[in-house]
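In this text, all values refer to a predicted model and were calculated from it rather than measured experimentally. These numbers come from the heavy atoms of this one structure, side chains and all, not from hydrogens, waters or symmetry mates.
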Amino acid sequence: MIHSLFLVNSSGDIFLEKHWKSVVSRSVCDYFFEAQERASEPENVPPVIPTPHHYLISVLRHRIYFVAVIQSEVPPLFVIEFLHRVVDTFQDYFGVCTEAAIKDNVVVVYELLEEMLDNGFPLATESNILKELIKPPTILRTVVNTITGSTNVGEQLPTGQLSVVPWRRTGVKYTNNEAYFDVVEEIDGTYTFDPVTKLLSWDVGKINPQKLPSLKGSMSLQAGASKPDENPTINIQFKIQQMAISGLKVNRLDMYGEKYKPFKGIKYMTKAGKFQVRT
C-alpha cells in the first residue's frame, strides 16, 4: 500500500525518508512542492495529489508535512488516519513531534516505522503494543545503548497482541474499575486581540444553553499599512469543556462482557474544527 514516506519541514526540505517496498526517488515530491507553492496557506495544500505513476497523500502536523507515496488506488482516509497515528506515536514517545525531536531520535523513529508498517501495510499502531516492541527513549537507556551497542527493540512478544482489545494489555487488574467516555463535538461558528502575536482570544465563560453567546466586531488596518488586495481570512480555534453546544446528552450507558460493576462517566467537550471567518 504505502511505498515510501517523506517528512518535509516548513522550509521545503526533506529531512527524513523511509521506504518499505522499493526506493522511490525524492523527485516525486516535486509535484507536492508545486502544489505547496500554489496554496495560499500551508494547510490548504491538497491532501491527495495525483502524479503520472504515484499518488501523494499528505497531512500537516506541527509544521511538518508527512507525505506518503502510493502506487495504486487506496482509500485516502485510510492513509491519512495512519499518518495521524504516526504523528501521535512520535508525540507519545518523544513528548513533541518536531523536526529536532525526530532528528535526535532518528534510530527510534526508523524502528517505529518498521514496526508500524509491514511491507507497506499497517501492522502495529497501538501505543501499548509499540512500547513493548520498541522501548521509549530515556537518558539512561541511551547511555546504556551507546556503551553496550544494544537497541530499544524488546525481546518478547507484546502481550497486547494476545488481547481481545488490542490497545489493552492482557491480565490487567486495577483496584478501581472505571470507564470514561468522551463526547467531543465540533461546531462551525464564529475574541482580546494581541497586536504582537496577532492572536485574537474570546473567553466565553459559562454558557447558558437557552441563550448562546454571540460576538460581533470590526477589523481595521494599522496606521500606514497598505490596503491588502483582498479581504483577509481569520482562522479561529476554541474549546468549551463540559459542554455539548448542540444539547446532545447520553441517557444510558451499558457495558457488557465484564463481571464487575464499573463506575461509568461521560465527559462533554465542544471544540472548533477547521473554522474560518472570511471578512
[X]: side-chain hydrogen bond (donor to acceptor under 3.5 Å, both in side chains) partners, not counting sequence neighbours:
X      : result
Ser127 : Asp92
Ser72  : none
Ser22  : none
Arg26  : Glu17

Kindly write out the residues that satisfy salt bridge (Lys or Arg N to Asp or Glu O under 4.0 Å) with Asp88, not counting sequence neighbours, or none if the list is empty.
->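 With sequence neighbours excluded, Asp88 shows a salt bridge (Lys or Arg N to Asp or Glu O under 4.0 Å) to Arg61, given in chain and number order.
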Under the salt bridge (Lys or Arg N to Asp or Glu O under 4.0 Å) test, which residues partner Glu34, sequence neighbours left out?
-> none
To the nearest 0.5 Å, what is the distance between [atom1] on [X] and [atom2] on [Y]?
X      : Y      : atom1 : atom2 : result
Met116 : Glu126 : CE    : CD    : 9.5 Å
Tyr93  : Lys131 : OH    : NZ    : 7.0 Å
Leu5   : Ser58  : CG    : OG    : 11.0 Å
Gln91  : Thr98  : CD    : OG1   : 10.0 Å

Side chain to side chain contact (heavy atoms under 4.5 Å, CB included) with [X]: which residues, sequence neighbours excluded?
X     : answer
Val23 : His19
Asn9  : Ser11, Asp13, Phe15, Glu99
Gln71 : His3, His54
Pro76 : Val48, Ile57

If I compare all heavy atoms of [X] with all of [Y], which pair ends up nearest, and what's the gap?
X      : Y      : result
His84  : Val59  : NE2-CG1, 3.7 Å
Phe82  : Leu117 : CZ-CG, 3.4 Å
Cys97  : His62  : O-CB, 3.3 Å
Phe121 : Lys21  : CE1-NZ, 3.9 Å
Leu133 : Ala124 : CD1-CB, 4.2 Å
Ala68  : Ile2   : CB-CG2, 4.2 Å

Is there side-chain contact between Phe66 and Leu16, with heavy atoms separated by less than 4.5 Å?
->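 Side chain of Phe66 against side chain of Leu16, heavy atoms only: no contact under 4.5 Å found.
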If you link ILVMFWY side chains whenever their heavy atoms are less than 4.5 Å apart, which other residues fall into the same cluster as Val24? By chain and number, please.
-> Phe6, Val8, Ile14, Val28, Tyr31, Phe32, Phe33, Val45, Ile49, Leu56, Leu60, Tyr65, Val67, Val69
Inter- and intrachain pairs under salt bridge (charged side-chain N to carboxylate O under 4.0 Å, His left out), touching residues 66-83, at least two apart | Glu81-Arg85
Heavy-atom count around Phe94 CZ within 6.0 Å, excluding the residue itself: above 12?
->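 More than 12 within 6.0 Å, yes.
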More than 12 heavy atoms of other residues, nucleotides or ligands under 6.0 Å from OH of Tyr110: is that the case?
-> yes
